[in-house]
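All figures in this text were calculated on a predicted structure; none of them were measured in a lab. Excluded from the calculations below are hydrogen atoms, water molecules and symmetry mates; all remaining heavy atoms, backbone and side chain alike, are included.
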Amino acid sequence: MSDIFHEVDEDVRRDKAAEFWRRYQTPIFVGAFLIVAATGAWSYYQDKRLKAAEEANARYVAAVALADEGRNAEAAAAFDAIAKDAPKGYAALARIRAAEARPDKAQALSELSAIGEDPNVDKLTQEIAMLRAALIVVEGDDREKLERTLGPLMLSTGAFRFSAQEWNGLDALFNDDYDEAERVFEQVLNDRDAPQSMRQRASAYKGLLHAKRGPKPAPAAATSGGAANGGKVDVVPVIEPESGGAMPAGSAPIETVPGK
């Protein structure tokens, strides 16, 4: 009896399998075909994308070589061509390099500023364009314009905030804005997230600042001691090491004459 029931169960399972295949064989074939087609299409897309990237890279390297040779007009034309039909990343970088190759600095600055404000460009590339624009502004010796250009880059989330702060401090130092320069260098020195090399440079810049500005007279000595000493005040110089704090200076004070 058990063999008979077993044979009946086998027949029922075969009938169910045959019925299932009869009803769903078309969707199964269609699904399998779609999977194969999608895999092939994705592979073709990836292959085409890789070839486009390799071609754009070769063109970009050739354009960079032209720029390195000083053939700026040809380099700008090559970068412009890349920006028109290359993949998105290469196109954005080519726009930056094309702007930098312009002989007209005003045009270059305008193009870089446009890239920095282009919503179709990724955030990092925007900041690179703004940083390049700041280099051109530095050459123009316009302190206020440089501050406006570097302002968005000095935000706490900016990828180049430390470089922007450093440039801002150096420009302030070169323009004799000693208070602003000292504030910026102190900010970099006290920021634990700043690279160690940049903090070391900030310490060195502070040394240059103090050498250029000279020691500051103490407020009390400047007001009360000036008349008693014939217009001269005693100032104790302070040397600040890289690690912060103050090192005691020599025992002999320095006499300075406050400006009129």
Original post:
Between Phe162 and Asp191, is a side chain to side chain contact (heavy atoms under 4.5 Å, CB included) present by the stated rule, with each step listed?
Top reply: CA-CA 9 Å; Phe162 299 119; Asp191 193 333; 3.3 Å; yes
Original post:
Considering residues at least two apart in sequence or located in another chain, which fulfil the ring-ring contact (aromatic ring centres under 6.0 Å, His included) criterion with Tyr45?
Top reply: Trp42
Subject >> Lys51/Glu55 salt bridge by N-O under 4.0 Å criterion >> reply: no
**OP:** Report the C-alpha separation of Lys212 and Asp176 in whole Å, then their side-chain angles, then the decisive distance to 0.1 Å, and conclude whether the salt bridge (charged side-chain N to carboxylate O under 4.0 Å, His left out) test is met.
**Re:** CA-CA 9 Å; Lys212 186 176 182 181; Asp176 297 336; 3.1 Å; yes
Subject >> Residues that Tyr24 engages under ring-ring contact (aromatic ring centres under 6.0 Å, His included), provided they are two or more places apart >> reply: Phe20
Original post:
Which heavy-atom pair separates Ala194 from Arg199 by the least distance, and what is that distance?
Top reply: O-CD, 3.5 Å
Original post:
Remaining members of Phe79's ILVMFWY cluster at a side-chain heavy-atom cut-off under 4.5 Å?
Top reply: Tyr60, Val64, Ile82, Tyr90, Leu93
Subject >> Pairs involving residues 153-165, ordered by first then second residue, that meet salt bridge (charged side-chain N to carboxylate O under 4.0 Å, His left out) (sequence neighbours left out) >> reply: none
Original post:
What are the two closest heavy atoms between Ala129 and Leu112, and how far apart are they?
Top reply: CB-O, 3.6 Å
Subject >> Closest heavy-atom pair and its distance - Leu173, Leu209 >> reply: CD1-CA, 3.7 Å
Original post:
For Val121 and Ala92, which heavy atoms make the closest approach, and how far apart are they?
Top reply: CG1-CB, 4.4 Å
**OP:** Kindly determine whether Glu127 and Leu153 satisfy side chain to side chain contact (heavy atoms under 4.5 Å, CB included), including the steps that lead there.
**Re:** CA-CA 7 Å; Glu127 293 188 0; Leu153 297 174; 3.8 Å; yes
Original post:
Are the charged groups of Glu180 and Arg183 less than 4.0 angstrom apart, N to O?
Top reply: yes
Subject >> Minimum-distance pair of heavy atoms, taken over all atoms of Gly169 and Ala181 >> reply: O-CB, 3.6 Å
Subject >> Ser110 side chain vs Ala106 backbone, donor-acceptor pair below 3.5 Å >> reply: no
**OP:** State, yes or no, whether a side-chain contact exists between Trp167 and Leu146 at a heavy-atom distance under 4.5 Å.
**Re:** no
Subject >> Arg97/Glu100 ion pair, N-O < 4.0 Å >> reply: yes
Original post:
Where is the tightest heavy-atom contact between Ala75 and Ala67, given as atom of each residue plus distance?
Top reply: CB-N, 3.6 Å
Original post:
Backbone N or O of Gln187 within a donor-acceptor pair of the Gln165 side chain at under 3.5 Å?
Top reply: no
Subject >> Path from Leu109 to Phe160 over hydrophobic side-chain contacts below 4.5 Å >> reply: yes
**OP:** Hey, could you give me each pair passing side chain to side chain donor-acceptor pair (under 3.5 Å) that has a residue in residues 25-35? Not counting sequence neighbours.
**Re:** Trp21-Gln25
Original post:
For Leu34 and Phe29, what are the C-alpha separation, side-chain angles and deciding distance, and is it a side chain to side chain contact (heavy atoms under 4.5 Å, CB included)?
Top reply: CA-CA 9 Å; Leu34 291 176; Phe29 280 126; over 6 Å; no
Subject >> Val137: which of Leu150, Thr149, Asp171 passes side-chain contact (heavy atoms from CB on, under 4.5 Å) >> reply: Thr149
Original post:
With a 4.0 Å cut-off, would you call Arg59 and Asp85 a salt bridge?
Top reply: yes
**OP:** Can you run down the salt bridge (charged side-chain N to carboxylate O under 4.0 Å, His left out) pairs that involve residues 108-123, sequence neighbours left out, and say none if there aren't any?
**Re:** Arg95-Asp118, Arg102-Glu111
